[in-house]
Amino acid sequence: MPELPEVEVVRRGLAQWVVGREISAAEVLHPRAIRRHLPGADAFTEGLKGRVPLSAERRGKYLWLPLSGAEEAILAHLGMSGQLLVVRRETPPEKHLRVWIRFEDGGPDLRFVDQRTFGHVMLTPLTGGVPEPIAHIAPDPFEEAFDDAEFARRLRARRTEIKRALLDQSLISGVGNIYADEALWMARLHWARPTETLTRPKIAELLAAVREVMSAALDQGGTSFDSLYVNVNGESGYFERSLEVYGRRDLPCSRCGTPIRREAFMNRSSYFCPRCQRRPR
DNA sequence: CGACTCTCCTGGGTGC
DNA sequence: TGCACCCAGGAGAGTC
């Protein structure tokens, strides 16, 4: 399950292996992979032909490659199981290969492989350097454009639980289920804590925790718990970074020894320490 | 505008 | 061994 650190690893791989190379051909092997590209597969492949990715950009979990020519970019979201692989062109097609991009220089292909097909790619206009479909999402906490004070103001104006707000990409992008649980544990906040009860210092502490858990993962090249996740060069994205709560049901909290609990929330799992992260009354 | 629910999809794991 | 489930989850669509 690629989250922001994993996606950043992929972005770096694209910058190294794909930027500057002219696309000779693209092929869509599964229509669902380009479902958000409304003009369809033919328009997608025609639109890519002959163009050169100029850079590799990221906001939250979205990746994009601005292209030579018109103000457009290839936009990708990996979803749960998406991979962008750079592989020798003789390599046989992967079982779940969805989009296949080849280059004029005869070098390695760029392949979008996605078992569960929650991910997608598309060709989209850029507006002020940002792809149109993601104009509504907030900057991620590592961007210059991210405004801590504005985040605190908007968070306190919400009437919802803190975890729901952390996962809301229009408030802060790039935080998924795993790092939301990790950051809440670090900041000693229960997932159901009402946002309007958070003080500004507590929000600052939470933001610091979000940045810390994600940069720690990034330092190790990304963390993943799903063997499906592979980075841009085909290497496994799995690293040994120990998580404090995610996936650790019934195991002792490293701060107090209390068994970690798992609760269903928003149709997914929330892991927390019932002692360090007291449920709000 | 905001809160909230539903839905999309596949295959590994589990229990009988 | 086979089969019917269950589960993982980001984010857009839709409702109120």
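This is a predicted model, so every value here is computed, not measured. Proteins get letters first, then strands, A, B, ... in listed order; numbering begins at 1 in each.
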(message) Counting primed atoms plus P, OP1 and OP2 as sugar-phosphate and everything else as base, spell out the protein contacts along nucleotides 7-15 of chain B at 4.0 Å heavy-atom distance: B, S or - for each nucleotide, 5' to 3'.
(response) BBBBS----

(message) Walk me through whether A:R211 and A:L207 qualify under side-chain contact (heavy atoms from CB on, under 4.5 Å).
(response) CA-CA 6 Å; A:R211 291 187 172 115; A:L207 263 182; 4.2 Å; yes

(request) Evaluate side-chain contact (heavy atoms from CB on, under 4.5 Å) for A:R262 paired with A:F272, printing each intermediate quantity in order. (result) CA-CA 7 Å; A:R262 173 191 175 276; A:F272 65 103; over 6 Å; no

(message) Heavy atoms only, 4.0 Å cut-off, all strands: where does A:R159 land among base, sugar-phosphate and nothing?
(response) sugar-phosphate

(request) Measure the distance from CG on A:L63 to C1' on C:dA11 and round it to the nearest whole Å. (result) 16 Å

(request) Taking all heavy atoms of A:M214 and all of A:G174, pick out the closest pair and write down the distance. (result) SD-O, 3.8 Å

(message) Checking A:E182 against A:L243 for the side-chain contact (heavy atoms from CB on, under 4.5 Å) test, could you report, in this order, the C-alpha distance in whole Å, the side-chain angles of both residues, the deciding distance, and whether it holds?
(response) CA-CA 7 Å; A:E182 291 298 303; A:L243 293 172; 3.7 Å; yes

(request) Calculate the interatomic distance between A:F265 atom CZ and B:dC6 atom P; express it in whole Å. (result) 14 Å

(request) Check whether any side-chain nitrogen or oxygen of A:H77 sits under 4.0 Å from OP1 or OP2 of C:dG10, and answer yes or no. (result) no

(request) Among C:dG10, B:dG2, B:dC4, find the nucleotide with the atom closest to the side chain of A:R164. (result) B:dC4

(request) Please lay out, stage by stage, how A:E22 and A:R51 fare under the test salt bridge (Lys or Arg N to Asp or Glu O under 4.0 Å). (result) CA-CA 5 Å; A:E22 183 182 339; A:R51 302 183 74 178; over 6 Å; no

(request) Could you tell me which residues satisfy side chain to side chain donor-acceptor pair (under 3.5 Å) with A:E8, sequence neighbours excluded, listed by chain and number? (result) A:R11, A:R12, A:R58

(request) Please lay out, stage by stage, how A:F265 and A:W191 fare under the test ring-ring contact (aromatic ring centres under 6.0 Å, His included). (result) CA-CA 9 Å; A:F265 168 68; A:W191 58 262; 4.3 Å; yes

(message) Ignoring hydrogens, what is the shortest heavy-atom contact between A:R98 and A:A33? Give both atom names and the distance.
(response) CB-CB, 3.5 Å

(message) Tell me the bend of the helix from B:dG2-C:dC16 to B:dC16-C:dG2 as the angle between end helix axes, each from five pairs, rounded to the nearest 10 degrees.
(response) 40°

(request) Any pair with a residue in residues 31-44 of chain A that passes salt bridge (Lys or Arg N to Asp or Glu O under 4.0 Å), sequence neighbours left out, goes on the list, sorted by first then second residue, please. (result) none

(request) Ignoring the backbone of A:S269, work out which of C:dG10, C:dA8, C:dA11 is nearest its side chain. (result) C:dA8

Would you tabulate the nitrogen or oxygen pairs shorter than 3.5 Å linking the protein to nucleotides 12-16 of chain C?
from   : atom 1 : to     : atom 2 : distance (Å)
C:dG12 : OP1    : A:Y62  : OH     : 2.8
C:dG12 : OP2    : A:H136 : NE2    : 2.9

(request) Let me know the distance between CG of A:L167 and P of B:dC4, rounded to the nearest Å. (result) 13 Å

(message) How long is the straight-line distance from CD1 of A:I74 back to NE2 of A:H37, given to the nearest 0.5 Å?
(response) 10.5 Å

(message) Is the phosphate of B:dG2 approached by A:T160 (side-chain N or O, under 4.0 Å from OP1 or OP2)?
(response) no

(request) Applying salt bridge (Lys or Arg N to Asp or Glu O under 4.0 Å), name anything that partners A:E27, two or more places apart in sequence or on another chain. (result) A:R102

